[in-house]
**Q** 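Okay, here's the structure, questions in a sec.
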Amino acid sequence: MARRAIVAANWKMNGGLALVNTIVSGLTSVKLQDNVDVVICPSFPFLSELTSQITENKLNEAIHVGAQNVSAHESGAYTGEISTQMLQELSVKFVIIGHSERRSYYNETSVEVADKISATLKAGLTPILCIGESESERAEEQTEKVLASQLQPVIDEVGIESFANIVIAYEPVWAIGTGKTASSEMAQETHKFIRQFLAKANANVAAKISLLYGGSVNASNCEELFAQADIDGGLIGGASLQVEQFKQICSTAKGK
Ligand code: 13P
């Protein structure tokens, strides 16, 4: 079965109404290849407006709205948190979970990440599970151990079969926002490891899962990255704030 490519825009704490307007008008003319989904993840306050504008402007059905985080709790006294049900009401389809910025600045552990993945799956939303090693971990040849330690708690909590409904984004921390992209060979080698790691638990699920690369992806390097056998698209930070560049990245992706 064909594997879908996904290009997801993680705006982080950037952009607002003006960027929603610009991205929607830019994406009205985007040319997408077969088997590609595009996901735009603005900050929470702009999800509703993005959803409305995508509908009003009749954008390609492959263009979806995503959130950057979610609570693992269903509802209750969790001031400042956002539940999966609230996201559902806003027609959100994807949720970024376990981004390295959340793991490092907000101390999210892999067990908390697994709880959020579980809540997201229960709500019928697609989690984009982020994993990745730091610069020192790569230097110490700990990359595979770190990735395994980030994946295993999720496998233990939701079961490998649930990975049929999960997207994984491999984002080496040292490549995020630094302009230092992993070489396409290095990214491919790591993606291959991730697929093989999952295949030990379920080969069928591993063969079908979309594995995105993130970390300084731009219009110039995306073609080579997306051409790699185990890279099924990207999670784009800085370049997703520049609409023409982002459109070019979206047009480059194709399913495998
Ligand atoms: P940059 O593309 O800005 O390096 O960010 C990558 C990222 O963290 C996406 O989630």
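Every heavy atom of this structure was used, including side-chain atoms; hydrogens, water molecules and symmetry mates were not. Bear in mind that the values here come from a model prediction, so they are computed numbers and not experimental data.
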**Q** Side chains of Lys93 and Val65, heavy atoms from C-beta outward: is any pair under 4.5 Å?
**A**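 Side chain of Lys93 against side chain of Val65, heavy atoms only: no contact under 4.5 Å found.
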**Q** Evaluate the side-chain proximity of Glu137 to Thr143: yes if any heavy-atom separation is below 4.5 Å, no if none is.
**A**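 Thr143 does not reach Glu137 side chain to side chain.
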**Q** Checking side-chain polar atoms at under 3.5 Å, does Ser29 have a donor or acceptor matched by the opposite partner on Lys247?
**A**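 Note: Ser29 and Lys247 side chains meet the donor-acceptor criterion.
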**Q** Any sub-3.5 Å donor-acceptor pair from Glu108's side-chain atoms to Ser104's backbone N or O?
**A**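 The answer is no, because no donor-acceptor pair under 3.5 Å joins these two groups.
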**Q** Can you confirm whether Glu223 is buried at CD, in the sense that more than 12 heavy atoms of other residues, nucleotides or ligands lie under 6.0 Å from that atom?
**A**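 No - once you tally the heavy atoms of other residues, nucleotides and ligands closer than 6.0 Å, there are 12 at most.
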**Q** Would the distance check show the side chain of Gln88 and the main-chain N or O of Ala123 forming a donor-acceptor pair, the cut-off being under 3.5 Å?
**A**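 Yes: the side chain of Gln88 pairs with the backbone of Ala123.
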**Q** Of all the heavy-atom pairs spanning Leu121 and Pro127, show the shortest one and how long it is.
**A**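 Where Leu121 meets Pro127 most closely, the heavy atoms are CD2-CD, 3.7 Å.
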**Q** CD of Glu61 to CD1 of Ile54: how many Å apart, nearest 0.5 Å?
**A**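 Those atoms lie 12.0 Å apart.
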**Q** Between Lys256, Gln196, His191, Gln188, which is the residue that forms a side chain to side chain donor-acceptor pair (under 3.5 Å) with Asp230?
**A**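 Running side chain to side chain donor-acceptor pair (under 3.5 Å) over Lys256, Gln196, His191, Gln188 with Asp230 returns exactly one hit, Gln188.
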**Q** How are the rings of His73 and Tyr78 set to each other: parallel, tilted or perpendicular (split at 30° and 60°)?
**A**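 His73 vs Tyr78 ring planes: parallel.
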**Q** Are the side chains of Trp11 and Ile40 in contact, using a 4.5 Å heavy-atom criterion?
**A**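 Yes, side chains in contact.
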**Q** Give the minimum heavy-atom separation between Glu157 and Val111, together with the two atoms involved.
**A**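 Scanning both residues completely, I find the closest heavy atoms to be OE1-O, 4.3 Å.
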**Q** Looking at Ser216 and Gly179, would you say the former's side chain and the latter's main chain have a donor-acceptor pair under 3.5 Å?
**A**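 Flag set: sc Ser216 to bb Gly179 pair under 3.5 Å.
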